[in-house]
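Proteins get letters first, then strands, A, B, ... in listed order; numbering begins at 1 in each. Computed from heavy atoms alone, side chains included, the values below leave out hydrogens, waters and symmetry copies.
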Amino acid sequence: MKSIRLLCATILLSSLCAAQPVAQLEGGYWHFPSIDHIFRTYNLSHPWADSEVAPISMSSGFALGWNQKVYAPRGIHAIGLVHYRYQSNTLQRSSSPIRAGFHQVCTELLIRTHPRCFVKEVQQTGPLGTRWYIQLGAGYSWNLPFASKYGEKVYVANDQRYRAISGQFHLSGGTGWHAFTIGPLAVTIESTVSWYPKFTLESFPTAVLGHNQPGLSETNRNSFLWQGHIRFTYLKKSKNWWDTPRGGDKS
Amino acid sequence: MNRRTFLQQSGWLTTGACLLPGLFQSCKKLEWDQDNTFQGEVIIVGAGISGLYAAEMLLKQGVSVQILEASDYWGGRMRTLPNTTPLFQQADRRTVYGQFSILYDLLRHQSIEMQEKSGSQLYYFAGALNTEAEANQNIYFQEMLQAVENLNAYNGGDISAQAYFDSLGISSNVEATFNVLAGQAHGTSADRISALGIGRQYQSWSAGKTELTLSGNQLQAAIEQALPNALNRIRYNTAVSSIDYSGAKVSVQDQSGGTYSCDRILLTAPLDVLKSGTISFTPTLNSAKQTSLSRIGIDRSYCAMFKLQTALWPSGTRRIIGNNIAQSFEVSDDGWVYCEVSGEQADMISSIFGDPLTIIQQQFDQFIPGAISLITDAAIHTWQGNRSYDPIGVGDARQLLASSVNQKLFFAGEATHTGGHHGTLHGAMETALRAATEILTSSAS
Ligand SMILES: Cc1cc2nc3c(=O)[nH]c(=O)nc-3n(C[C@H](O)[C@H](O)[C@H](O)COP(=O)(O)OP(=O)(O)OC[C@H]3O[C@@H](n4cnc5c(N)ncnc54)[C@H](O)[C@@H]3O)c2cc1C
């Protein structure tokens, strides 16, 4: 058992050594009807307010990870990422009596290739494979919501500071394009959609609305996160085929 | 890639990244979808805080609302002593329980100044008035305070708070004080309220623990500012006597024979009114609803206020906890005294031959000798139903009471709160929000 573990660790380490390190900046938009409903109810419940409180829509964050060539002839690459994302309703409108949102830490494994690679092998060489690619992935995220009103942190039942971590599984799909290189850094533009079945933030209705009357929160619903990424991949040694003089974009 | 192309491409990327979320953002609907929400006529029975607040929300969503109010004033139990002079309304101190509530938001929006509850308490037990320091020397007093504290975590059998106290074998010298802290604080007495009910209420409480105070006048002014449209829709001196919801429309009749018609009706009349059967329903309410009414508790209470020429207690005293008849006196440095007697003690006063106000004043004179001769102004109000509490066996009665009937008959009011905020102003508002969303979405179902 011990030797198997050691073997796995060695394979992982050696493959990581061969992999390209990745850093990524992210910006996104959330579509989560159940969370929107909480903010809609908040606005309904404050008929005297001069302006409405914005819901949570935008997300910003970064990710770190590695890019590993899996099978060059089919342009298959694996990418492992750990994301941190921050979302708050004050990202849209800074002046708000209520500030609510959540931190998200997410681990994700992505597999990418070029559609053409499904039918024939590609010749393009280099650490990043085809220039344009599609990708599929799956991951698990941990959400830590927060809420404060008039600058004071919200307390929920039993006088506990509102801090309720919940976990969430997701699937994602997307497409990207290796845009250019600056020295050893390849800059990639990417767009993805992640599907979170039954997205929920624990006790969020209580924290935002200030109470726990049932019927005010909609049951968990499918949620989606659209994201735009700018990814920087550090190319350790070899160049990409499209980065060589007159390589051109053939994929 | 040269510097210029790099800057150009980065510029495009940044602009795109900034614009895209904004574009998506405009797709988010923050308003209730008017096409999919109920847009008919609603009658609200009762112009207490829950009725007014529900009306304001519905009006803002384009629903037509009329409020029928039995008395000649708005606010219901929000006014401790209705029909008294502004002098009393000014002296009356109302408590805002917690700062995470819609009520707090409302007051904050109106820039109402609230003070955190402060000041010392005097305790009358073992035949003498004790300062906090003196009381804390007493072992029985300490045990009694611990028992009150333990009730908040109580999760045992369904027994009364009094039975819990008795089971601890604490001296009866401090029983009256226990009764104030465990019973009267909930609008009843310790022998009527369930220990489990107190524990559950405490454990599900989510409004925060800070207690703030403001005057009755301030509260009324804030409501006038925040809910102006609702106040314009009240028909006073209109006590609803029957509701027929058997047809497509709901037809309502008042005690003077006036008839009204609507698509939805929201009942916010207090629990004691619903229990008394003064409002008849066609068809009659189902048995689950009827038993729920009998399973939730609400007691009569006397609220007395009087002013002394000078305060006869140390400056900074907030409350004098009394004996087994007149239980608790809120006092101020300018000589005002407010006393609320409820539960078993209120029944006791009503059975004694004599004026309840005089009885309460005489009791006060026992603790503060000479007080009675210094009284300049006094008033009393009898509430047939003070605020709801959980007696033994309450179970899911509040959920049953809160549920709507045939998507036409809706229920709000403090007694329908299912999350521990019953018996409070903010709890009543929260039930109104629940009922308003039920009405708004009722056409969809
Ligand atoms: C003495 C006292 C002090 C309190 N102090 C505080 C405090 O400091 N802080 C706090 O948070 N809470 C306090 N409460 C509790 C709080 O006041 C109530 O929970 C809240 O006001 C209840 O509001 P409501 O709308 O549910 O009912 P109500 O205010 O009772 O409103 C119901 C309305 O219905 C009307 N009505 C009755 N029957 C009919 C009918 N047949 N037809 C038409 N109309 C009818 C009534 O006249 C009334 O106006 C106190 C309660 C009392 C009694």
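A donor-acceptor pair under 3.5 Å links the side-chain atoms of B:H421 to the main chain of B:S206, judged by distance alone. At distances below 3.5 Å, at least one donor-acceptor pair connects side-chain atoms of B:K60 with backbone N or O atoms of A:P47. A donor-acceptor pair is defined here as one N or O able to donate and one able to accept, closer than 3.5 Å; such a pair exists between the side chain of B:K289 and the backbone of B:L401. Of the possible polar contacts, one joining the B:R264 side chain to the B:Q407 backbone as a donor-acceptor pair under 3.5 Å is found.
Heavy atoms closer than 4.5 Å to chain A are found in the side chain of B:L227, but not in its backbone. Heavy atoms closer than 4.5 Å to chain A are found in the side chain of B:Q99, but not in its backbone.
Counting heavy atoms from C-beta on, the side chains of A:R85 and A:C106 come closer than 4.5 Å. Taking 4.5 Å as the limit, every side-chain heavy atom of B:L425 sits out of range of all side-chain heavy atoms of B:Y97.
Using a 4.5 Å heavy-atom cut-off against chain A, the contacting residues of residues 48-56 of chain B are B:Y53, B:E56.
Taking the centre and axis of the six-membered ring of B:Y104, the NZ or CZ atom of A:K149 falls outside the cone set by 45° and 6.0 Å.
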